[in-house]
Amino acid sequence: MRLWTIVSRNLCTRRMRTALTVLGIAVGMMAVVSLMGLARGFENNWNQTLNARGTDAVVNRITTGNPIPGPFSQKFAHEIAQMPGIEASGKVLSSLLPVEHLPMMLVTSWEWESYIWDHLEIVEGRKQHDGTELAAMLGKTAAQMLNKKVGDTLKVIGTEVTVCGIYESTSMVEAGAILISLDVMQAHTDNEEKINFMNLRFEEDIDKARGREICQEIEANHNGLSASLANEAADHHSTTKAVKGMTLAVTLLAMIVGLASVMNTMLMSVFERTVEIGVLRAIGWRAARIRKMILLEATLLGVAGGILGVLLGFLAREFLYLLPTIRGTIRIEIGMDAVLSTIFFATVVGALSGLYPAIRASRMNPTVAFRHQ
Amino acid sequence: MEQEQEATIPHECLAEVIEATRSYENGRVMALRGVNLRIEDGEFVAIIGSSGSGKTTLLQLLGGLDTPTSGEVKFREKALSEMGDLSTFRAEKVGFVFQSFHLLPTLTACENVQLPMVESPLSMRDREERAIFLLKEVGLADRTHHRPTELSGGERQRVAIARSLANKPDLLLADEPTGNLDCKSTAMVMELLARLHRENGMTLVLVTHDLSTAAHAGRCIEMSDGVVVKERTNPAAR
C-alpha cells in the first residue's frame with residue numbers, strides 16, 4: 001500500500017466535498033485560462049492583420065483602456081511618411097459602432113490607394129470606385145453576421161451605404177469588419193483630418209534594429225504618439241494590456257478563492273479525521289509523513305481543479321463561439337503554455353492551501369486526538 | 001502462531017515507570033501521582049481500576065504517547081525523554097490495541113494492518129505478505145479485502161491486533177480491548193492475546209475494568225485516584 005492509496009481513498013470517500021472544492025478551483029482556473037487565451041488570440045490576430053497588410057510598423061496615439069486609440073491629426077502622418085527609410089504609409093480611422101442588430105462592429109476606413117488595400121481578395125462585387133463613394137465592403141464574416149449581400153444597403157456611420165463588395169482576409173479582425181474609404185469615414189464621423197492609426201512599410205534594407213530606431217524617432221518628434229514594430233505592436237496595444245491586466249486580476253482572485261476553498265476543505269477534513277490522525281501518530285507515523293499526506297491531498301485537489309478548469313475553458317470557448325456577436329470577431333487561443341501554466345498554478349494553490357492544515361495535523365498529540373471522539 | 005519473537009530473557013526489565021506524575025489543566029487534575037511500575041520481558045500484566053483511576057494515562061506513558069509531568073519512563077534501561085522523536089519508538093517497539101479499534105474506515109483489513117509498516121524499509125510486496133500472514137494468524141484469512149464496516153466488532157479488534165503486531169513489537173499495550181465487544185468476541189480476543197503471550201512470549205500490558213478479563217494476566221495491578229493501590233500475582237495464569 002502506498003501513501004497515494006490513503007490519499008486517494010480519503011478524497012474519494014468525501015466525494016461531494018471533494019467535487020465541490022475541485023469545481024470551485026476549476027471555475028477560477030477556467031477564467032484564468034480563457035483570459036490568457038483571449039490575450040493570446042488578440043495578440044495573434046493583431047499580428048496577423050498587420051502581417052497580411054505587409055505593415056512593418058504602426059503609429060497611434062498613446063491611450064489606455066480603450067480598444068481603439070483616440071484620433072490624432074493627420075498632418076503628423078504627412079511628416080512621418082516623409083521620414084527616411086519609410087517606403088509607404090497608409091492612414092486608418094477605425095471605430096467600434098453599433099450596426100443594424102449587432103451592438104458592436106469594427107468599422108474601419110483606409111486611405112484611398114494606399115498599400116493597405118492591396119492584400120484584400122474581393123470574392124464578390126467590387127471595390128469602391130474612388131475614395132469618395134458612399135459604399136462599403138464587408139468582410140466575409142461580417143456579411144454572414146449581418147446577412148447582407150452585394151447591392152444591399154446598410155445603415156452605418158449615421159447614413160445608408162450600399163454594399164459594393166465582399167472580401168476575404170486572412171485576418172479575423174478584417175474578416176469581421178466593415179470597410180469604407182477614409183474620406184467618407186472622416187466626413188461622416190466628425191473626424192475631418194483625423195486618423196487613429198498609421199501603417200508604415202519600411203524600405204527593404206531596413207532591419208529590425210533600424211526599424212526600432214525609426215519608431216523611437218517618431219515618438220521623440222511627435223509627443224503623445226506611440227510607434228511600434230508590427231510584431232511588437234500587439235504588446236503595446238491597449239486592449240492587450242487591458243486583457244493582460246484582467247488576466248492578472250482574475251488570477252489573483254482565483255488564487256484567493258482557491259486558497260480559501262482548499263484550505264477550508266482540508267481543515268474540515270483534518271478536523272473530521274482527528275482520531276484517525278491520532279491513531280497514525282500512535283502507531284508510529286512521523287509528523288513529516290502526516291504533513292505529506294495532507295499536502296498530497298490538497299495538491300491533488302489543486303491538480304484536479306486545474307485540469308477541470310482547463311477543460312471548462314475549452315468548453316466555454318466553444319460556447320462563446322456559438323454566440324453570433326462573438327463568433328468571428330474574438331479568437332480565444334488556448335495554447336499548451338496556457339494549459340500547463342494554469343495546471344501548474346492550480347497545483348501551487350492546492351499545495352499552499354494544504355500547508356497550514358498539514359502543519360496543524362502533524363502537530364496533533366495522539367492522546368488529545370483520542371479525546372476528540 | 002508465528003514463531004518470530006526472539007526468546008525472552010527471564011526477569012529482564014523491559015519497561016519501567018519511575019515516580020511518574022501526570023497532571024492536566026495546570027495541575028488542577030492529577031491523573032497520576034508518583035507511580036512506580038516495572039514490566040519484565042515476557043510478562044502479562046493487567047492494570048485494573050475504575051474510570052479516572054489513571055490506568056489509561058499510565059498505559060499512554062508506557063507507550064510513549066504521552067510524557068510524564070515529572071518522573072521518568074524507561075524502555076530497556078533507556079529513558080524515553082532521551083529518545084527525541086518518539087514516533088520511531090512507537091513504530092518499532094510498541095504495538096497498540098484500542099477499545100474502539102481505531103481502524104481507518106477507507107482502507108481494507110489488509111491495508112489497515114500495513115499502516116505501521118509504512119515507515120519500515122520493507123518493500124510493498126513484503127508488507128502485504130506480512131499483513132496477510134498476520135491476518136491469517138488472527139483467523140481472518142478470508143477477510144483481508146473487507147473494509148472495517150464489513151466486519152463484526154470482534155473481527156475489527158482482531159484486525160487491530162494484527163496491526164499492532166505488524167512491526168514485531170517488544171511490548172503490546174491494550175487499552176480496554178474487549179470494552180466494545182460481546183461475550184463471544186471478548187472470549188475470542190482474550191484467547192488470542194493470551195496465545196500471543198503464551199506461545200510467543202509477547203510482553204503484554206492490558207488495561208481493563210473487567211476482573212474476568214484481568215484474570216488472564218500473570219500480574220494484576222489495581223489503581224485508584226492516580227496511584228497503584230494493590231498488586232497481586234496470578235501464578236495460574238503465568
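Residue numbers begin at 1 in each chain, while the letters A, B, ... track the order of the sequences.
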Judged by atom type as modelled, is there a donor-acceptor pair below 3.5 Å linking the side chain of [X] to the main-chain atoms of [Y]?
X: B:Arg130; Y: B:Ala166; result: yes
X: B:Gln157; Y: B:Phe98; result: yes
X: B:Thr21; Y: B:Gly34; result: no
X: B:Glu150; Y: B:Arg147; result: yes

Please state whether the side chain, the backbone, both or neither of A:Arg2 comes within less than 4.5 Å of a heavy atom of chain B.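 Both parts, backbone and side chain.
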
Which portion of A:Leu280 sits near chain B, non-hydrogen atoms under 4.5 angstrom: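 For A:Leu280, the contact with chain B is made by the side chain alone.
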
Scan side-chain atoms only and decide if [X] and [Y] contain a donor-acceptor pair under the 3.5 Å cut-off.
X: A:Asn10; Y: A:Thr13; answer: no
X: B:Gln99; Y: B:Asp175; answer: no
X: A:Arg273; Y: A:Ser269; answer: yes

side-chain hydrogen bond (donor to acceptor under 3.5 Å, both in side chains) between B:Thr178 and B:Thr186, intermediate numbers included: CA-CA 5 Å; B:Thr178 58; B:Thr186 295; 4.6 Å; no

Do you know which of B:Asn167, B:Leu104, B:Val118 has the most heavy-atom pairs with chain A at a distance under 4.5 angstrom?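 Ranked by contacts with chain A, first place is B:Val118.
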
For residues 63-76 of chain B, give me every residue with a non-hydrogen atom less than 4.5 Å from any non-hydrogen atom of chain A.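 Residues of residues 63-76 of chain B touching chain A at under 4.5 Å: B:Leu65, B:Asp66.
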
Could you name the residues of residues 84-96 of chain B that have a heavy atom within less than 4.5 Å of a heavy atom in chain A?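 Listed by number: B:Asp85, B:Ser87, B:Thr88, B:Arg90, B:Ala91, B:Phe96.
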
Trace of the side-chain contact (heavy atoms from CB on, under 4.5 Å) decision for A:Arg9 with B:Glu111: CA-CA 12 Å; A:Arg9 298 269 176 84; B:Glu111 288 163 345; 2.6 Å; yes

Check each atom of B:Gln60 against the heavy atoms of chain A and say whether the ones under 4.5 Å are side chain, backbone, both or neither.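 Only the side chain of B:Gln60 comes within 4.5 Å of chain A.
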
Measure distances from B:Arg163 to the heavy atoms of chain A and classify the residue's part below 4.5 Å as side chain, backbone, both or neither.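 For B:Arg163, side-chain heavy atoms alone lie under 4.5 Å from chain A.
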
Just checking heavy atoms, which of residues 298-316 of chain A are less than 4.5 Å from chain B?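 The stretch does not come within 4.5 Å of chain B.
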
Quick check for you: among A:Val279, A:Thr5, A:Ile6, which has the greatest number of heavy-atom pairs under 4.5 Å with chain B?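 Option with the greatest count: A:Val279.
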
With A:Phe345 as reference, evaluate A:Val348, A:Val349, A:Thr342 under the side-chain contact (heavy atoms from CB on, under 4.5 Å) test and give the passing residue.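 Considering A:Val348, A:Val349, A:Thr342, a side-chain contact (heavy atoms from CB on, under 4.5 Å) with A:Phe345 is found only for A:Val349.
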
Least distance between heavy atoms, A:Asp337 atom then A:Ser341 atom: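 Closest approach of A:Asp337 to A:Ser341, heavy atoms only: O-OG, 2.7 Å.
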
So which heavy atom on B:Pro105 is nearest to which on A:Glu276, and how close?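 What the structure gives for the nearest pair is CD-OE2, 3.5 Å.
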
Determine, step by step, whether A:Ser261 and A:Asn264 satisfy the side-chain hydrogen bond (donor to acceptor under 3.5 Å, both in side chains) criterion, reporting the C-alpha distance in whole Å, the side-chain angles of both residues, the deciding distance to 0.1 Å, and the verdict. CA-CA 5 Å; A:Ser261 167; A:Asn264 177 52; over 6 Å; no

Inter- and intrachain pairs under ring pair (Phe, Tyr, Trp, His ring centres under 6.0 Å), touching residues 5-26 of chain A, at least two apart: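 As it turns out, there is no ring pair (Phe, Tyr, Trp, His ring centres under 6.0 Å) pair with a partner in residues 5-26 of chain A once direct neighbours are skipped.
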
Determine, stepwise, if the pair B:Asp210 / B:Thr208 fulfils side-chain hydrogen bond (donor to acceptor under 3.5 Å, both in side chains). CA-CA 5 Å; B:Asp210 178 12; B:Thr208 182; 5.1 Å; no

When you look at B:Leu62 and B:Leu37, which way does the side-chain contact (heavy atoms from CB on, under 4.5 Å) test go after all the steps? CA-CA 10 Å; B:Leu62 276 169; B:Leu37 177 68; 4.2 Å; yes

